[in-house]
Each structure stands twice: as C-alpha cells, then as structure tokens.
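Have a look at the structure below, then the notes.
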Amino acid sequence: MSTKQKRYFLTEDEIPRQWYNIQADMPNKPLPPIHPATKQPLKAEDLYPIFAKELCHQELNQTDSWIDIPEEVLEMYKYYRSTPLVRAYGLEKELGTPAHIYFKNESVSPVGSHKLNSALPQAYYCKKEGVTNVTTETGAGQWGAALSYAAKVFGLEAAVYQVKISYEQKPYRRSIMQTYGAQVTASPSMSTRAGKDVLTKDPTNQGSLGTAISEAVELAMTTPNCKYVLGSVLNHVALHQTIIGLEAEKQMEKAGEYPDIVIGCFGGGSNFGGVSFPFMRHNFFDGKKTRFIAAEPASCPKLTRGVFQYDFGDLSGLTPLLPMYTLGHNFMPANIHAGGLRYHGAGVIVSQLLKDKFMEAVDIKQSETFQSGLLFAKCEGIIPAPESCHAIAAAIREAKECIKTGEEKVILFNLSGHGLIDMTAYDQYLAGSLFDYEVTDEEVAKNVSELEKII
Ligand SMILES: *Cc1c(COP(=O)(O)O)cnc(C)c1O
C-alpha cells in the first residue's frame, strides 16, 4: 500500500446501504425519555404529533443494530458521498509528529456541513407519510440551510425560525435558505403565541434557540400536515450521521490503518456520534481499544462539567425530559462563534456512553480553537467551520503528545464543515479582538440546582 496516497474514496457500490443503530448494542441502554406532565416513559406514539412516525420509531429503537437507508435517500447521498477521507500530511509535517492524522471531510456536502446527512432522510420520511410542510429552528443557520435544501429536494415547504440576532448578523446563511426556497422568520416573531409572549414582555428581545424551538414546535402542532424536524441531539439524527463513520471505516481499511483515537466536535452529539459509533462497536465486540474524544467549547462545557440528569431540550420546557449531561436548560452560553456548539445538553446515547466511560470529553477555549483552525487552513487549504476547529484543536493536542512519546498513533477526526460563511469570526481572531469565555463553578451549580430531580 502506497504511503503517499492523500485521499481515499468509495465507489458508489461501496457506499454503505444501512445506518448503524448503536442503541441496540450498548451494554447499558439509554434511559427512556419522560413525558413532562405524566412523568411516564414516552412511547413512539406519544411523539407522532411532532415528528414523522418512522423517525419516532428510530428514536426509540433499541433492538435493530442496522437500519436500511431508503433508496431515495441513497440516490441523494450520491450527489456528494462518499466524502473524502484525507491524510493530513501537511499538518503532520508542520507539527513534526510521528502520528498519522486523518480527517473525514464532511465540508464537501452542497450546504458545507454534515447536517445534510440527516436533513435528507428526515425530509424523505415526512414526504412519504403525506406531510406537506416542515418547520425547524436554526441558530447560525447550518441546519436551516441543510433542511431548506432537503425540503426542496423532496417537494416540501420549509419554514425556518432563525434566532433574531443571527438573522441580522449572519445574512448570508439566511440568503442560502431563501435561495433554496424556504420561508425564514426572525425569532421571536408575532406569528406564534410563544413569539408574541416574548415580544409583549420584551419588544427588543434578540431571540434564543429555546424560543425558536418553541415557535417551530407550536407551528407544527397547529398546522395540518406540518411536522417539526431537529438537526442534532436526538437519537435518530445521530443514527443518520453514522454514514460518516461507516464510510470512514471502509476508507481507513483502504489506507491499511485503524484509528487509535477518533475525535469529533460536540454540540448535541450528532457529528461526534456519526464518526464514532461505527468504530465503537469494535470496542464492544472485538477487543479494540480505540479512544473516542468529544471536543466541546470551554464556554459551554456540558460533558466535562455538567451533571447527568433528566432535563428539557428547550428553554421553555415544551419538549420531553431527556436523561442527559446538562448545564440546565436555563443556561445561557456566551456568544462564541461556534454557534452550533452553544447548546446546554448532550444527546441521550452519548450521555450514557460517557457515563459508562466508553468515551472521553475535553473542553477547549475559543482562542486555541481558532489558532488550530488557522494552522489547519495553512497546511491543508481548507478553512474549517468554527465548530470543527474544536475537533482540530483536540487532534493537534493528541498529535503533540505523540511527539513526546514517539508513538505513531493513528488519529481520525471529523471535519464537520467549512467556515467560508464564518469569515467575520476569522477577521476578529486576526484582529486580536476575540475573547475567551469560561463558566464559573457557581454558575453551573446554580443552574443545575434548579432542575427537577428525576432519575
Ligand atoms: C451544527 C454543527 C455542529 C454541531 O452539531 P453536532 O450535532 O454536535 O454535530 C458541528 N459542526 C458544524 C459544522 C455544524 O454545523
């Protein structure tokens, strides 16, 4: 096998035809979501009013390890998959590390991030079940862009509530959503009761993900043939993202290597789970000892400093209670540029895996992430999304460890997206006006103490 090969692809026939459902194989299954009013475990039927039925079943499926990818979704995956697995020779050389660094480049998707891997199946299942409209919220706009395109592909109308401050500060993501034909509304808006309530109390409110979720869920519950869709956190989203790790597994085989360390940045857990879960099954069953590292921002450290507790997914407490590592649903993360990582909780599967020590987490300050992102851009040519910079920073830390120990470890990280629409963030870093935010222990303790104690 040539050691000079830079990129590894799969032929169309080699692209995986099933997703991997890690829930079925976990030694300790995740605890069930709980109905906020009755405090009883939720059944798939309880979720039907909000999500497409097939997605409700995927969400709670703890029996089938493999789930077929529908033909129609596979056809759309072929527009941009397989994504390249790349050996980062440039970065290795610059660092002077004996480590072999690989990255899976999800930034080549038409919308520039991994989010399309789940937007496509979610839109497909909605269409198949007779749904005509989908609605969601978006912060920085990555998920909104992916959903807008997927809705167009499958002939659905999309209504996206974008957090008002992002709507105003990130006009290009809004333009992208509108280019695909979505209706984009700044949240809070006067079009829903939830939005009106906020605006009546505070007419200048700049919005939050929590409020935007409330608006989108309300629209879905009050509009016929309209479903709500979510781009992270939930089990079915991580399931769809396993296409990343399943492809990477075959590509690493072509490279004649197997990862010692797998790294992903962490917002709600979908791209981390997507790259990790397929490899983790070999730790469960085949005696592999791969380490899995989730890289989260120091300003929103739910995995490293949160508590394992039942908590709401949104600010206003409309969603089911989920057993997760959380900073408390009232937690207000600082306004860092990695908007996709500003979420108070972690997905249920990942939370259980962390509790059971099948994975690790690190928190990284904003300045280190951009420093790492710039180094990566100079060595590999790709400007990474601020979110992805967290994974790069963690990979660089591990590669530097290998310099000390002399070990030739194989490191694989997921490049979740490119940063070409986030250049304002790079401008601020280059101008030296980017700040680090850290959360105090008191802040975490106070938020967490307000949670209802259910386990
Ligand atoms: C949304 C987003 C993330 C964070 O979401 P996860 O569900 O944790 O993967 C990371 N990177 C990019 C580029 C994103 O758009």
Side-chain angles (χ1 to χ4, degrees), residues 83 103-119 122 136-150 160 162-163 166 170 173 176-177 209 212 229-245 262-277 292-297 300-303 313 324-325 333 336-351 353-354 359 361 363-364 369 373 376 382-394 413-422 425:
T83 63
F103 63 93
K104 182 72 168 152
N105 186 1
E106 290 296 308
S107 83
V108 302
S109 104
V111 298
S113 82
H114 70 289
K115 294 246 169 43
L116 193 57
N117 300 333
S118 185
Q122 291 197 49
T136 195
E137 75 292 329
T138 197
Q142 293 271 33
W143 168 245
L147 196 265
S148 301
Y149 171 54
V160 182
Q162 185 172 19
V163 177
S166 315
K170 307 213 178 216
R173 285 260 164 65
I176 291 172
M177 292 186 263
L209 268 181
V229 287
L230 189 63
S232 181
V233 184
L234 295 176
N235 300 342
H236 65 262
V237 184
L239 171 75
H240 305 150
Q241 295 296 351
T242 59
I243 189 75
I244 302 172
V262 177
I263 297 170
C265 67
F266 197 97
S270 77
N271 92 88
F272 168 79
V275 70
S276 298
F277 294 169
F292 300 92
I293 305 174
E296 64 180 4
C300 193
K302 59 243 171 193
L303 296 173
M324 47 154 82
Y325 276 94
I336 55 165
H337 286 286
L341 309 186
R342 291 176 73 236
Y343 185 70
H344 67 274
V348 166
I349 295 175
V350 181
S351 292
L353 291 169
L354 181 68
M359 56 173 277
D363 62 323
I364 306 182
T369 67
F376 179 80
I382 303 167
I383 297 182
E387 291 86 1
S388 313
C389 289
H390 290 70
I392 297 170
F413 72 86
N414 190 45
L415 186 78
S416 54
H418 69 67
L420 292 176
I421 304 165
D422 304 282

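Start at 1 and go down the list; that is how both ligands and their atoms are numbered.
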Below 30° counts as parallel, above 60° as perpendicular, anything between as tilted: where do the rings of Phe272 and Phe277 land? perpendicular
Decide, yes or no, whether a salt bridge links Asp422 with Arg173 under the criterion of side-chain N to carboxylate O below 4.0 Å. yes
Contact check, side chains of His114 and Ser270, non-hydrogen atoms, under 4.5 Å: yes
Min side-chain heavy-atom separation Ile293-Val262 under 4.5 Å: no
Could you list, one pair per line, each nitrogen or oxygen of ligand 1 together with any protein nitrogen or oxygen closer than 3.5 Å, giving atom names and the distance rounded to 0.1 Å?
| residue | atom | partner | partner atom | Å |
| --- | --- | --- | --- | --- |
| ligand 1 | 7 (O) | Ser232 | OG | 2.4 |
| ligand 1 | 7 (O) | Ser270 | N | 3.0 |
| ligand 1 | 7 (O) | Ser270 | OG | 2.7 |
| ligand 1 | 8 (O) | Gly267 | N | 2.7 |
| ligand 1 | 8 (O) | Gly268 | N | 3.0 |
| ligand 1 | 8 (O) | Gly269 | N | 3.0 |
| ligand 1 | 9 (O) | His114 | NE2 | 3.2 |
| ligand 1 | 9 (O) | Ser270 | OG | 3.2 |
| ligand 1 | 9 (O) | Asn271 | N | 2.8 |
| ligand 1 | 9 (O) | Asn271 | ND2 | 2.7 |
| ligand 1 | 11 (N) | Ser416 | OG | 2.7 |
| ligand 1 | 15 (O) | Lys115 | NZ | 2.7 |

With side chains defined as the heavy atoms from C-beta onward, is the minimum distance between Ile382 and Ser107 less than 4.5 Å? yes
Would you indicate whether the side-chain heavy atoms of Pro297 and His390 approach each other to under 4.5 Å? yes
